[in-house]
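Nothing here was measured: the structure is a model prediction, and the numbers come from that model.
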Number of protein chains: 2
Amino acid sequence: MNLDLINDFLAIARAGNLSAAAVQRNANHSTIYRRLHLLEEQLNCRLFERLHDGYQLTPAGEELLVHAQRIEQEADAAERILAGKDTSLQGEVRVTAPENIAYEYLPAYLEQFHKIHPQIRVSVIVSNSDLDLNRREADIAIRATKQPPDYLVGRRVLSLSWFIYGNSKYLRRAGKISTIKDINNFDWIGPDPGLLYIAAFNWFHKNVRDEQIVSRASTLNAMAKQAETGMGLVVLPVDQVDKKLTKLMAFTPGDGSDLWLLTHPDLRFSGRIKALMEFLTNAFTGEKRLIG
Amino acid sequence: MNLDLINDFLAIARAGNLSAAAVQRNANHSTIYRRLHLLEEQLNCRLFERLHDGYQLTPAGEELLVHAQRIEQEADAAERILAGKDTSLQGEVRVTAPENIAYEYLPAYLEQFHKIHPQIRVSVIVSNSDLDLNRREADIAIRATKQPPDYLVGRRVLSLSWFIYGNSKYLRRAGKISTIKDINNFDWIGPDPGLLYIAAFNWFHKNVRDEQIVSRASTLNAMAKQAETGMGLVVLPVDQVDKKLTKLMAFTPGDGSDLWLLTHPDLRFSGRIKALMEFLTNAFTGEKRLIG
DNA sequence: TCATATCTTTGCATTTATGCAATTTTAATT
DNA sequence: AATTAAAATTGCATAAATGCAAAGATATGA
């Protein structure tokens, strides 16, 4: 059996249709179609039920899926472990970071890093969701969280304080907030329910009356941009805000969060990954904009 | 990473050189060469040390080998399990048997079987060594042994009695043997030391004086053929001997052996494999030539 | 040191796989 | 029943992988 067909099988199983699977495998859908037929022929059994709106695993396909996933995991582990043993200061490093970090902080840092290690090529993947470092979708993850997943290793480089911000236009209209008790006397840009997993927002949601919330957004960046229009105040971590908003007072509920640099244990001793981890650690700890 | 390259990697690691690996993978050696380079490039590390007389794994290669073997096992398991679920009476079945069975018994049986199940194609692999049923080098193994490996399942179809044989020419010269006590009064065709794992031969080796052994051979068939020339007597299981030799007396030391039909547990319920197993069971149990 | 045998590496013709674009299928919707 | 929209197939030109054969390496033994 051509083992590589397992990759195509997995892509189809996950995507549910050929076109999406083809994108994942970067190939044409007709190629994926033909390779699936090859696999089915070689295994002499139908792996998918062809429905009008996609491919669905047959029982035999489900069976294969179990093994295919183990095969993939094993291959990923091999790749990681070999990459982890490479102490040379060259090659690619993939960093994933949330929007604000990727836009406001990384560009300057990486420009500096490139001067020191011109042989290391860095790719930035903007995302805040749990990319699969197992599958090496990224090598280093920069995340703001209180508790990173325990299958990753790394260090807490900063603690991020939260503040209440507002722009000058709104401040002129509504005056300054000076104590958290007055919270319901102001208009607010609130978080979308999807953000309530963040402790600070959870507290906010429970303590601010709904009618005080003039607008919501599903990303911190969008919240900041809305606050910049002067619609209301906003509660945000320090890293999310630039000079267009004025820092009014500390916001302590939720205990803030921490900025973590994370990587997979297998990759910890890779030369290039270690180099970038160390460089970023220094960059972030020396970052004046992020000190409360 | 192209997963199929793992197969090439394994073949090179096992064969120790490209040409032999190419045969295993049935491809040209230059293809294997190019694919190895591709793999090394993709993993960005050297997997083999090129020596003048072959390829030897580097430490990184050793590392990969562990994972590659797991990948292969997983893929083999998947193939077996899917094949095992196929209840249809069609497709290929690979049977491995020792020489004598493959030459003297199987042809007639398989001709009959083909009439009943024309859709099942049977391949016979002549071998007595431990083919890897895990890797599906064969689906059914026919083996003469007292105790088959416990990772296979199957049934004992016969017990094979052992006898002392001689051809008429030798009998005229030396007379008939009638009791085992006279064993050292005759000339013998003996087993090569490589056959001493067989209990009957082991006993023979310990109880027959070396000077009585006029000739040796490393396969039972060769022993039979030598005895047919009239050089001496020979001790053999009943299945190994045809009419050219006269059966003189039973040979009980070593308890004889049993004829087993074996398959992999995963394949037990495959339609075609079940059909052939059952057919062969009947064929062998009804075989008059094999009844002591 | 040269011949030798074995294995690796490369150029080129051929086969095979792929992408593209057009066509067909399928089932849900009008 | 016709329409539609999304996806699966298929034909054909192009690109990529492969086999073949010849050349280059490399240690071993004369």
Side-chain angles (χ1 to χ4, degrees), chain A residues 1-62 64-65 68 71-72 75 79 82, chain B residues 1-62 64-65 68 71-72 75 79 82:
Chain A
M1 183 187 65
N2 181 338
L3 262 184
D4 201 43
L5 296 176
I6 290 292
N7 279 325
D8 298 310
F9 168 79
L10 278 173
I12 301 168
R14 286 173 182 147
N17 68 69
L18 294 191
S19 322
V23 174
Q24 275 184 41
R25 295 282 295 147
N26 55 327
N28 190 281
H29 59 140
S30 51
T31 298
I32 301 296
Y33 166 79
R34 288 183 276 234
R35 294 210 281 231
L36 172 60
H37 279 248
L38 231 109
L39 182 63
E40 289 188 329
E41 205 173 281
Q42 281 175 26
L43 295 176
N44 193 34
C45 72
R46 207 163 184 66
L47 297 169
F48 292 93
E49 226 49 85
R50 277 74 164 166
L51 306 176
H52 78 285
D53 60 344
Y55 276 40
Q56 191 171 37
L57 285 166
T58 61
E62 300 273 7
L64 180 59
L65 182 61
I71 289 171
E72 186 193 42
E79 280 195 68
L82 290 184
Chain B
M1 183 186 64
N2 180 337
L3 262 185
D4 202 42
L5 296 177
I6 290 292
N7 279 326
D8 299 309
F9 168 78
L10 279 173
I12 301 170
R14 285 173 182 147
N17 67 68
L18 293 192
S19 322
V23 174
Q24 275 185 40
R25 295 283 295 146
N26 56 325
N28 190 280
H29 56 144
S30 51
T31 299
I32 301 296
Y33 166 80
R34 288 183 276 234
R35 295 211 279 230
L36 172 60
H37 279 248
L38 231 106
L39 182 63
E40 290 189 329
E41 204 175 281
Q42 280 175 27
L43 296 175
N44 192 35
C45 72
R46 208 163 184 68
L47 297 169
F48 293 93
E49 224 50 82
R50 276 76 164 164
L51 306 176
H52 78 283
D53 60 342
Y55 276 41
Q56 192 172 35
L57 286 166
T58 60
E62 299 275 7
L64 180 59
L65 183 61
I71 288 171
E72 187 192 43
E79 279 195 68
L82 290 184

Euclidean distance, atom [atom1] of residue [X] to atom [atom2] of [N] [Å, nearest integer]:
X	N	atom1	atom2	answer
A:Gln56	D:dA6	CD	C1'	17 Å
A:His29	C:dA17	NE2	C1'	15 Å
A:Tyr55	C:dT25	OH	P	15 Å
A:Phe48	D:dT9	CZ	P	13 Å
B:Leu18	D:dA25	CG	C1'	14 Å
A:Asn17	C:dA27	CG	C1'	16 Å
B:Asn26	D:dC20	CG	P	11 Å
A:Glu49	C:dA27	CD	P	12 Å

Review point. Would you say B:Asn17's side chain and B:Tyr55's backbone share a donor-acceptor pair under 3.5 angstrom?
Key: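 Pair absent, no side-chain N/O of B:Asn17 close to backbone of B:Tyr55.
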Check your understanding: Is a donor on one side and an acceptor on the other found under 3.5 Å between the side chain of A:Gln56 and the backbone of A:Glu49?
Key ->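 A pair under 3.5 Å: no.
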Review point. Do A:Asp8 and A:Arg34 sit within salt-bridge range, that is, some charged N less than 4.0 Å from a carboxylate O?
Key: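 No, this pair does not count.
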Review point. Would a 4.5 Å heavy-atom cut-off, applied to side chains only, mark A:Ile71 and B:Leu3 as touching?
Key: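 They are in side-chain contact.
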Review point. Within a strict 4.5 Å, meaning less than it, do heavy atoms of the B:Arg35 and B:Ile12 side chains meet?
Key: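 The answer is no; the side chains never approach within 4.5 Å.
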Review point. Hey, is the side chain of A:Asn28 poking within less than 4.0 Å of OP1 or OP2 on C:dT18, counting only N and O atoms?
Key: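 No.
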Practice item. Dump the intermediate steps for ring-ring contact (aromatic ring centres under 6.0 Å, His included) on B:His29 and B:Tyr33, then the final yes or no. Key: CA-CA 6 Å; B:His29 56 144; B:Tyr33 166 80; 9.0 Å; no
**Study point:** Within residues 30-42 of chain B, residues whose heavy atoms come under 4.0 Å of DNA chain D
**Key:**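 DNA chain D contact set from residues 30-42 of chain B: B:Ser30, B:Thr31, B:Arg34, B:Arg35.
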